[in-house]
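Lettering follows sequence order; numbering is per chain, from 1.
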Number of protein chains: 4
Amino acid sequence: MTPKRIDRQARREEILDAAVRVFARKGFTASRIDDVANEAGIGKGSVYLYFDSRDALLNAAFEAFAARSQHVLDQARRGGDPPLERISALVHAVLRALSEEPDLARILLDLWSAGREGDLPLDMAGLYAQYRTVLTELLAQAGAEGSARPGLGERHATVIVGAIEGCLLQWLLDPRLPVEEMADPILDVCLNGLRCRDESQAGR
Amino acid sequence: MTPKRIDRQARREEILDAAVRVFARKGFTASRIDDVANEAGIGKGSVYLYFDSRDALLNAAFEAFAARSQHVLDQARRGGDPPLERISALVHAVLRALSEEPDLARILLDLWSAGREGDLPLDMAGLYAQYRTVLTELLAQAGAEGSARPGLGERHATVIVGAIEGCLLQWLLDPRLPVEEMADPILDVCLNGLRCRDESQAGR
Amino acid sequence: MTPKRIDRQARREEILDAAVRVFARKGFTASRIDDVANEAGIGKGSVYLYFDSRDALLNAAFEAFAARSQHVLDQARRGGDPPLERISALVHAVLRALSEEPDLARILLDLWSAGREGDLPLDMAGLYAQYRTVLTELLAQAGAEGSARPGLGERHATVIVGAIEGCLLQWLLDPRLPVEEMADPILDVCLNGLRCRDESQAGR
Amino acid sequence: MTPKRIDRQARREEILDAAVRVFARKGFTASRIDDVANEAGIGKGSVYLYFDSRDALLNAAFEAFAARSQHVLDQARRGGDPPLERISALVHAVLRALSEEPDLARILLDLWSAGREGDLPLDMAGLYAQYRTVLTELLAQAGAEGSARPGLGERHATVIVGAIEGCLLQWLLDPRLPVEEMADPILDVCLNGLRCRDESQAGR
DNA sequence: TATGAATGAGTGTTCATTCAT
DNA sequence: AATGAATGAACACTCATTCAT
């Protein structure tokens, strides 16, 4: 709360933003502390006044990412709208959040990689587990109220989360894909399915 | 003057397998040439008799991966079965192939990361583009013959590819997820949708 | 924000001097970056703060050498003294310069070797060409004014340059030879010749 | 004397010739055993059946070079011609020998470098000392018989040797120089001098 | 607080040499 | 004798981290 704190916090943020831009541009592995310092317009040594290590920068980036996600998750948990609408809102919110901060989105590949085995204590898996839990719950509600098929469970939630992340992945690998326009197709496919609905009629 | 008993191809394969195991265990970035050599039970220098560089190992791993994918893609292109069945077969084939070679699957994160920014000429994006093309074509056929909704396009294909890869991702981040059992849920969601089919009736 | 007390130029010079000492002692090929760092009393990595590569060290040594040569050449070009005296001054200056910096002289062998085949852009040949040009010009002047035989050309200049460098070579291979005392013999031989002047008389 | 011996000797010679060609082309330091084996059209391991080590190849090249030199030296020592003619013959012989085996000449730089400090027991210095001794002796004889100035000593011999080697050096650094035509200019300069002979007359 | 010079552990790669065939 | 696959010591170079100023 002291002005110092605020300054310090702001400085830290600046550096983190610079780091995220650098990571987004060349990937974490290829990014040097020097690159981050240059991007932030400060000396290399100063980075260490705000972050313990190079890995800590990626950790902080993860935390920023996780915070955005928590916000989206909280909204999905709280809302009083019908469950399918909340699912729709969730999917839109995730993709909108990333569209609005493309640099943060572009480090997803690094976060996924770092979220493996020992290195960083960076729990991407836990984040996706939360998404699955929320969606599983919403699907259950939707099933209960008759707007979704009955008997839906975590695996179906996994598919929805997968569709979102898988579309992000394809966009990361090929930025020409219009990620911000993928929310509706994702929802269309997952909610309505691709099979012809008039099958019984057509089958006649 | 003897043709030398050594089968270069087989030796190369052995080393590549060792490399894939190492990469799967600790990730490409954290893997040292020495690790690969030890895993293969040979000297460090010998790796270079079969691969030009450390990167070349990841490249070769990609090629092995891409070869498997091509096989799956070719089958999806050739088959004479109804389009929705071929889509089903495709999804099953992809997940089965990776279940059967989990180490190859576990390097997906590295292949995705390497598929960025010039470093390696490793075209993961092109691979997914092929999946999208095949699926787009199959959806069009299905639409034409009435088994799928009309008007389906590449975006819907993108969602299916995304669902597959997104489920793989979740498994990679949390190996407790039963990836080999996700084919059916993926198909269930994507083909049938999650919404209640009797909606019109229920909607009154 | 302090301009840092470190004088980059001076530091660079220190390292270069250390490198020259090391090269002089064991030859460039046998000299390790670590040797240079140790000789300079700094860490290995610090060498790279001032030089791009090991080769760059030899390059810089060449430049130092070439700068000394340019100085000598410039003096030979400018002076208004009689041409034979300027040649004499040139020979003395070359040998004195090298006597005064024996370490710089001792890397001549490396500079000659490096001046071959593309590796380094280190133009020893050009340096000697300059010496030949200057001497050719001075011989022509001397011929015109009658102090030297008429009809002298570049080949005679080549012989003078050769005599200098060849004496240096013999000294480098056998340091017991008194290089600093060779200027007069070189001039004596080249100017006066070894043949007996009274040959016609003596020939009777 | 056994046919085996002869074969072995011939094989050794072939490999040495190949090595000399390779060294001449890229310099000893940049030459790999593999290069030599390829040039000789044999397997890498086979080189070691005839030479103990890579350095031994350069040593053998030196010995070949030294043998040629010994031949030239012997002729200079034996002949019964007037001393100045024998000096002339010596200079011509040295340059002719090298012109006729340019590859052997081109490794001079490497021989000079190797003839330094410890590494190889390769005595270039001793070779040049022999030339100096022979020339010193011939100059003394010439002085005694009145064809050369009296009072000539080892330093004058050093200059002659220097002129030869220095011209070779310039040719090695710039192959456009016509080394085979330098014998006469060298002799002209060293025997007749460059100064105008009619100085006393002109001085009047 | 801020800096950037200094460091040295770490690693990819090379290549002379060995040796089983 | 001949081979070339295998080896591992050696080394140039990088870069995260430290610390004196």
Side-chain angles (χ1 to χ4, degrees), chain A residues 4 7-8 11 29-38 40-57, chain B residues 1-8 11 15 29-37 40-57, chain C residues 1-8 11 15 29-38 40-57, chain D residues 4 7-8 11 15 29-38 40-57:
Chain A
K4 246 188 189 170
D7 262 3
R8 190 174 164 74
R11 200 70 155 144
T29 302
S31 297
R32 312 279 143 242
I33 290 284
D34 246 331
D35 299 329
V36 174
N38 284 337
I42 62 173
K44 184 195 341 199
S46 303
V47 174
Y48 285 87
L49 297 176
Y50 298 89
F51 294 92
D52 284 342
S53 71
R54 180 170 168 274
D55 280 354
L57 281 168
Chain B
M1 208 152 278
T2 30
K4 270 307 196 265
R5 199 56 32 74
I6 304 305
D7 180 345
R8 273 194 69 80
R11 204 87 169 109
I15 297 173
T29 303
S31 297
R32 312 281 139 244
I33 288 284
D34 251 329
D35 300 329
V36 173
I42 61 175
K44 188 207 313 217
S46 302
V47 174
Y48 286 89
L49 294 177
Y50 299 89
F51 294 92
D52 284 342
S53 69
R54 180 169 167 276
D55 279 356
L57 281 168
Chain C
M1 208 156 279
T2 29
K4 269 308 194 260
R5 199 59 31 73
I6 304 306
D7 181 344
R8 271 194 70 81
R11 203 88 168 108
I15 297 174
T29 302
S31 297
R32 311 283 138 240
I33 289 284
D34 251 330
D35 299 329
V36 173
N38 286 336
I42 60 175
K44 187 208 316 221
S46 303
V47 174
Y48 287 91
L49 294 177
Y50 298 88
F51 294 92
D52 284 341
S53 69
R54 181 169 167 276
D55 279 356
L57 282 168
Chain D
K4 244 188 188 172
D7 263 1
R8 189 173 165 75
R11 199 70 156 143
I15 296 172
T29 302
S31 297
R32 313 278 141 244
I33 290 285
D34 247 331
D35 299 329
V36 173
N38 285 336
I42 62 174
K44 184 195 339 202
S46 303
V47 174
Y48 285 87
L49 295 176
Y50 299 89
F51 294 92
D52 283 342
S53 69
R54 179 169 170 275
D55 280 354
L57 281 168

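Rounded to whole Å, the distance from CG on A:Leu57 to C1' on F:dA16 is 11 Å. F:dC11 atom P lies 15 Å from atom CG of C:Asp55, rounded to whole Å. The separation between B:Asp7 atom CG and F:dA5 atom P is 12 Å, rounded to whole Å. For the pair C:Tyr48 OH and F:dC15 P, the interatomic distance rounds to 13 Å; values are reported in whole Å. If you measure from atom CG of D:Asp34 to atom P of F:dA6, you get 15 Å, rounded to the nearest angstrom. In this structure, B:Phe51 atom CZ and E:dT14 atom P are separated by 15 Å, rounded to whole Å.
The minimum heavy-atom distance linking A:Ala30 with A:Asp35 is given by the pair O-OD2, 4.0 Å. Of all heavy-atom pairs spanning A:Arg32 and A:Thr29, the tightest one is NH2-O, 2.9 Å.
Judged as a side-chain contact (heavy atoms from CB on, under 4.5 Å), and not counting sequence neighbours, the contacts of B:Ser31 are B:Val22, B:Phe23, B:Lys26. Remark: B:Tyr50 pairs with B:Ile6, B:Arg8, B:Arg11, B:Arg12, B:Ile15 by the side-chain contact (heavy atoms from CB on, under 4.5 Å) rule, at least two apart or across chains. Residues passing the side-chain contact (heavy atoms from CB on, under 4.5 Å) test with C:Ser53 are C:Asp55, C:Ala56, sequence neighbours excluded. For the side-chain contact (heavy atoms from CB on, under 4.5 Å) test, no residue two or more places apart in sequence or in another chain qualifies with D:Asn38.
Here A:Arg54 contributes atom CZ and A:Leu57 contributes atom CG; the two are 9.0 Å apart, rounded to the nearest 0.5 Å. Taking CD1 from D:Ile33 and NZ from D:Lys44, the interatomic distance works out to 8.5 Å, rounded to the nearest 0.5 Å.
D:Tyr50 has a side-chain polar atom (N or O) that falls below the 4.0 Å cut-off from OP1 or OP2 of F:dA2.
The rotation axes computed at either terminus of the helix from E:dA2-F:dT21 to E:dT21-F:dA2 lie 0° apart, taking five pairs at each end and rounding to 10 degrees.
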What does the list of N/O pairs under 3.5 Å between the protein and nucleotides 7-11 of chain E look like, with a distance for each?
| from | atom 1 | to | atom 2 | distance (Å) |
| --- | --- | --- | --- | --- |
| E:dT7 | OP2 | C:Gly43 | N | 2.7 |
| E:dT7 | OP2 | C:Ser46 | OG | 2.5 |
| E:dG8 | N7 | C:Gly45 | N | 3.3 |
| E:dT11 | OP1 | B:Arg32 | NE | 2.8 |

